[in-house]
Amino acid sequence: MRQNQMKEMPPALRRILLAEDNPVNRQIVIDLLETRGHYVRYATNGLEVLQALDNDSFDLILMDAQMPEMDGFQAAAAIRSREKQSGAHVIIIALTGLKAETDRVRCLEAGMDGYLGKPIRSDELFDAIEQSLQK
């Protein structure tokens with residue numbers, strides 16, 4: 001059985017920044033990601049996301065849309081604005097309880113590369129990560 005689990009592992013460890021203000025949701029996602037061997041750092045609002053990006057680099061950001069101080073939409077816009085100057089591009093996948101099609105469109109228009117509704121399902125999470133990183 002352990003051999004099957006090894007086959008499901010991603011080809012390389014990923015450095016992931018999780019932006020999630022809810023401690024229960026945050027721990028669930030961290031546990032899922034760390035089980036797959038990913039390095040995870042978290043932020044509880046958009047301002048902390050920007051600070052984390054000032055000090056570290058990540059393969060992708062899992063961004064809650066609704067957070068205090070600076071929400072995920074504002075944080076994504078700020079990240080994309082910074083990237084215009086640097087030429088870099090970090091992948092941002094929205095994690096949100098907003099599930100209407102208009103919400104998905106809003107996330108993508110804000111500069112996010114993907115969208116996952118809550119509650120998070122592990123298979124959807126890992127599929128979204130791998131698909132986003134292959135683009």
Side-chain angles (χ1 to χ4, degrees):
M1 230 188 202
R2 185 128 178 104
Q3 230 174 10
N4 289 341
Q5 290 174 344
M6 295 298 282
K7 290 179 184 176
E8 294 174 9
M9 293 291 282
L13 299 181
R14 307 286 187 214
R15 296 179 54 81
I16 299 173
L17 177 59
L18 171 63
E20 173 62 65
D21 62 313
N22 180 291
V24 174
N25 291 343
R26 184 172 56 237
Q27 194 58 55
I28 289 169
V29 175
I30 289 171
D31 289 347
L32 287 170
L33 295 170
E34 287 181 343
T35 298
R36 292 280 182 106
H38 298 295
Y39 166 83
V40 183
R41 184 165 167 200
Y42 74 86
T44 61
N45 63 59
L47 295 174
E48 290 178 7
V49 168
L50 298 178
Q51 291 170 346
L53 289 171
D54 286 341
N55 298 313
D56 208 345
S57 64
F58 299 91
D59 296 309
L60 67 95
I61 300 169
L62 297 172
M63 181 86 73
D64 185 9
Q66 299 174 308
M67 295 181 290
E69 296 184 53
M70 176 186 274
D71 67 25
F73 300 106
Q74 295 167 318
I79 291 165
R80 296 304 183 228
S81 177
R82 289 178 173 191
E83 290 176 343
K84 286 179 184 174
Q85 296 172 1
S86 70
H89 181 84
V90 64
I91 295 163
I92 303 172
I93 300 173
L95 299 178
T96 180
L98 304 172
K99 293 186 180 183
E101 177 61 20
T102 55
D103 297 316
R104 186 187 71 78
V105 169
R106 184 175 172 213
C107 288
L108 298 176
E109 287 177 347
M112 299 184 202
D113 301 286
Y115 171 91
L116 284 172
K118 293 179 185 177
I120 300 298
R121 293 187 48 205
S122 62
D123 57 335
E124 292 174 354
L125 174 65
F126 294 119
D127 286 348
I129 290 170
E130 291 308 312
Q131 288 174 8
S132 294
L133 291 169
Q134 291 175 5
K135 290 181 181 178

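Each residue takes its place number in the sequence, starting with 1. Heavy atoms only: backbone and side chains are in, while hydrogens, waters and symmetry mates are out.
Residues N25 and K118 have side chains in contact (heavy-atom distance under 4.5 Å, counting atoms from C-beta outward). The closest side-chain heavy-atom distance from I91 to F58 is not below 4.5 Å. The shortest side-chain heavy-atom distance between F126 and L32 falls under the 4.5 Å cut-off. Between L95 and I120, some side-chain heavy-atom pair lies under the 4.5 Å cut-off. F73 places none of its side-chain heavy atoms less than 4.5 Å from the side chain of M63. No side-chain heavy atom of I93 sits under 4.5 Å from any side-chain heavy atom of L125. By the 4.5 Å heavy-atom criterion applied to side chains, L17 and V90 are not counted as neighbours.
Shown here are the salt bridge (Lys or Arg N to Asp or Glu O under 4.0 Å) partners of R15, two or more places apart in sequence or in another chain: D56.
Minimum heavy-atom separation, M67 to N45: SD-CA, 3.7 Å.
Classification of R80 and E83 as a salt-bridged pair holds, one side-chain N sitting under 4.0 Å from a carboxylate O. Using a 4.0 Å cut-off between charged nitrogen and carboxylate oxygen, D64 and R26 do not count as a salt-bridge pair. Classification of E130 and R36 as a salt-bridged pair fails, no side-chain N sitting under 4.0 Å from a carboxylate O.
At most 12 heavy atoms of other shown residues, nucleotides or ligands fall within 6.0 angstrom of atom CZ in R121.
To the nearest 0.5 Å, atom CZ of residue R82 and atom CG of residue L50 are 4.5 Å apart.
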Inset, instruction - Could you check D113 against H89 for side-chain hydrogen bond (donor to acceptor under 3.5 Å, both in side chains), going step by step and ending with a plain yes or no? - result: CA-CA 10 Å; D113 301 286; H89 181 84; 3.1 Å; yes
Inset, instruction - Take I129 and I16, measure what side-chain contact (heavy atoms from CB on, under 4.5 Å) needs, and give me the verdict at the end. - result: CA-CA 10 Å; I129 290 170; I16 299 173; 4.2 Å; yes
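Q74 contributes a side-chain N or O that, together with a main-chain N or O of D71, makes up a donor-acceptor pair within less than 3.5 Å. Remark: side-chain polar atoms of T35 are paired, donor with acceptor, to backbone N or O of D31 under 3.5 angstrom.
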